[in-house]
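See structure below.
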Amino acid sequence: MSDDRAEPGVDDYVERLNVHYDGASAGEALLARLQGAFRAAGCDPSRLNLDDVAGIDQLHLGGRSASRALAVLGELSNGQRVLDVGCGTGGASRLLAAEFGCDVVGVDITSAFIEAANWLSAATGLSGRTRFLCADAASVPLTAGSVDTVWCQHALMNMPHVPRVLAEWQRLLMPGGRVLLHELVAGDNPEPLMLPVPWARTPATSHLRSREQLERAMALAGFEPLAVEDVTDAALAWRQEHSRRESRPDESAREAIVPGPALIFGSDFTRMGRNLRDNLASGKVRVLTGSWRRARR
């Protein structure tokens with residue numbers, strides 16, 4: 001874990017994240033909750049495929065399509081060593097292993113996510129190309145220069161000390177290695193966010209930065225931009241469609257059968273999705289996707 005844990009308030013920060021991401025059902029662990037849902041849906045939790053688990057392992061705007069687009073942008077290919085930062089339940093890690101032939105290490109500070117990620121990789125037959133570590137993104141137990149690409153989707157907005165995280169990416173990346181980001185940033189509308197949203201129920205776990213702040217932090221950390229694009233319109237369209245589906249009675253009934261994100265985020269997930277949609281539409285939140293290169297030193 002990071003040396004940040006010695007600082008006042010950091011344990012509270014980790015606890016808040018754990019409560020947010022593993023608090024949907026008091027008294028029942030996330031892993032048990034997910035495995036029980038698959039059994040109820042008539043699936044063997046030890047034998048699953050990537051389509052079976054997509055509803056609980058692609059917890060970002062755009063789902064698998066956004067991950068595929070980012071992988072293409074980053075020119076990922078067979079045998080590349082990827083670090084998936086803020087991996088959650090490991091969906092992007094498994095997609096990169098299965099579809100792009102990458103060897104992936106996923107890192108997340110929420111232990112329940114790591115437990116679920118290891119189970120899902122075993123159940124889908126991808127343990128050989130993915131492994132998962134419970135660790136602080138600012139202190140990853142890997143050797144320097146051991147990573148070709150750092151991958152991060154919708155995770156920096158949960159991290160209060162981004163410069164420390166970026167310094168760790170510098171350490172881990174080989175010279176010329178890339179950072180691939182698909183990230184939420186603050187929009188131009190200064191009004192407070194509508195809460196809850198998928199990454200935060202209160203302002204305490206939301207650390208949105210503007211695009212300018214993020215790009216400056218990347219530059220100061222020694223990363224050169226290769227391509228950066230605002231994809232808010234596409235993300236909003238995707239979220240609008242999912243909000244419509246989540247509000248339909250037939251889809252709500254299906255959600256009770258097919259394991260989906262409500263199992264992770266709890267009964268207020270539909271409200272989180274609506275709030276995210278409205279925050280995007282009102283300009284309080286925007287979405288970036290981009291590729292940066294580690295400067296050769």
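What you see is a predicted model; the values in this text were computed from it and never measured.
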side-chain contact (heavy atoms from CB on, under 4.5 Å), that's the test. Do L280 and T232 meet it? Break it down for me. CA-CA 7 Å; L280 287 164; T232 304; 4.1 Å; yes
Go through the steps for H242 and Q240 under the test side chain to side chain donor-acceptor pair (under 3.5 Å), then give the verdict. CA-CA 5 Å; H242 278 255; Q240 287 172 329; over 6 Å; no
Hey, mind stepping through L193 and L208 against side-chain contact (heavy atoms from CB on, under 4.5 Å) and telling me if it holds? CA-CA 10 Å; L193 288 179; L208 290 176; 3.8 Å; yes
Steps toward side-chain contact (heavy atoms from CB on, under 4.5 Å) verdict (N158, T205): CA-CA 6 Å; N158 273 145; T205 52; 4.2 Å; yes
For the pair L50 and L126, evaluate side-chain contact (heavy atoms from CB on, under 4.5 Å) and give the outcome as yes or no after the intermediate values. CA-CA 10 Å; L50 294 184; L126 289 166; 4.0 Å; yes
Determine, step by step, whether E183 and R211 satisfy the salt bridge (charged side-chain N to carboxylate O under 4.0 Å, His left out) criterion, reporting the C-alpha distance in whole Å, the side-chain angles of both residues, the deciding distance to 0.1 Å, and the verdict. CA-CA 10 Å; E183 189 59 33; R211 174 174 180 169; over 6 Å; no
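Between L48 and C43 there is a side-chain heavy-atom pair separated by less than 4.5 Å. Residues F113 and L30 are in side-chain contact: their nearest non-hydrogen atoms beyond the backbone lie under 4.5 Å apart. Counting heavy atoms from C-beta outward, P225 and M218 have side chains that stay 4.5 Å or more apart. Side chains of N275 and P196 form a contact here, defined as non-hydrogen atoms less than 4.5 Å apart. Residues W199 and L276 form a side-chain contact, since some pair of their non-hydrogen atoms from C-beta on lies under 4.5 Å apart. With a 4.5 Å cut-off on side-chain heavy atoms, V150 and F223 do not count as touching. Side-chain atoms of E75 and S291, non-hydrogen and from C-beta on, never get closer than 4.5 Å to each other. Side-chain contact between F269 and E246 is present, with heavy atoms from C-beta onward closer than 4.5 Å.
N279 contributes a side-chain N or O that, together with a main-chain N or O of M194, makes up a donor-acceptor pair within less than 3.5 Å. Looking only at distances, a side-chain donor or acceptor of D108 sits under 3.5 Å from a matching main-chain atom of G88. Judged by distance alone, with hydrogens and angles left aside, the side-chain atoms of R68 form no donor-acceptor pair with the main-chain N or O of L95 at under 3.5 Å. Within the 3.5 Å criterion, the main-chain N or O of L76 finds no donor-acceptor partner in the side chain of R178. The main-chain N or O of S243 is never found under 3.5 Å from a side-chain atom of R274 such that the two would form a donor-acceptor pair. A donor-acceptor contact shorter than 3.5 Å is absent between the side chain of D148 and the backbone of V82. Side-chain N or O atoms of D52 include one that pairs as donor or acceptor with a backbone N or O of N49 at under 3.5 Å. A donor-acceptor pair is defined here as one N or O able to donate and one able to accept, closer than 3.5 Å; such a pair exists between the side chain of Q170 and the backbone of G222. Checking side-chain atoms of D57 against main-chain N and O of T89 turns up no donor-acceptor pair under 3.5 Å.
No path of Ile, Leu, Val, Met, Phe, Trp and Tyr side chains, each step under 4.5 Å between heavy atoms, connects W151 with L156, placing them in separate hydrophobic clusters. One hydrophobic cluster, built from ILVMFWY side chains closer than 4.5 Å, holds both V228 and L181. When hydrophobic clusters are built by joining Ile, Leu, Val, Met, Phe, Trp and Tyr residues whose side-chain heavy atoms come closer than 4.5 Å, directly or via intermediates, L180 is not grouped with L61. Grouping the Ile, Leu, Val, Met, Phe, Trp and Tyr side chains by contacts below 4.5 angstrom, directly or via other members, places L70 apart from L226. Residue V147 is grouped with residue L133 when hydrophobic side chains (ILVMFWY) are merged at heavy-atom distances under 4.5 angstrom, including chains of intermediate members.
One distance of note links CD of E212 with CZ of R216; it measures 12.0 Å at 0.5 Å rounding. To the nearest 0.5 angstrom, W169 atom CH2 is 8.5 Å from L83 atom CG. Note that CG of D278 and CZ of R239 are 10.5 Å apart. Values are rounded to the nearest 0.5 Å. Interatomic distance, Q153 CD to C87 SG, rounded to the nearest 0.5 Å: 11.5 Å. To the nearest 0.5 angstrom, L31 atom CG is 8.0 Å from L120 atom CG. Note that the CG atom of N118 and the OG atom of S127 stand 7.0 Å from one another [nearest 0.5 Å].
A salt bridge links R201 with D268: the distance from a Lys NZ or Arg NE/NH1/NH2 to an Asp or Glu carboxylate oxygen falls below 4.0 Å. Remark: E215 does not engage R209 in a salt bridge, criterion side-chain N to carboxylate O under 4.0 Å. Here R64 pairs with D51 in a salt bridge; the nearest charged N to carboxylate O distance falls below 4.0 Å. Ion pairing between R81 and D103 fails under the 4.0 Å rule for side-chain N and carboxylate O.
Taking every heavy atom of both residues into account, R129 and A97 meet most closely at CB-CB, 3.8 Å. Nearest heavy atom pair, residue W119 against residue P45, reads NE1-O, 2.7 Å. A pairwise comparison of heavy atoms in M159 and V165 identifies SD-CG2, 3.8 Å as the closest pair. Of all non-hydrogen atoms in F100 and A71, the two that sit nearest each other are CZ-CB, 3.5 Å. Closest approach of A92 to S67, counting heavy atoms only: CB-OG, 4.3 Å. Closest approach of E224 and A295 over heavy atoms only: OE2-CB, 3.8 Å.
Relative orientation of the H154 and H182 rings is tilted, given thresholds of 30° and 60° on the angle between their planes.
Defined by atom type and a distance below 3.5 Å, a donor-acceptor pair is present between the side-chain atoms of T130 and S121.
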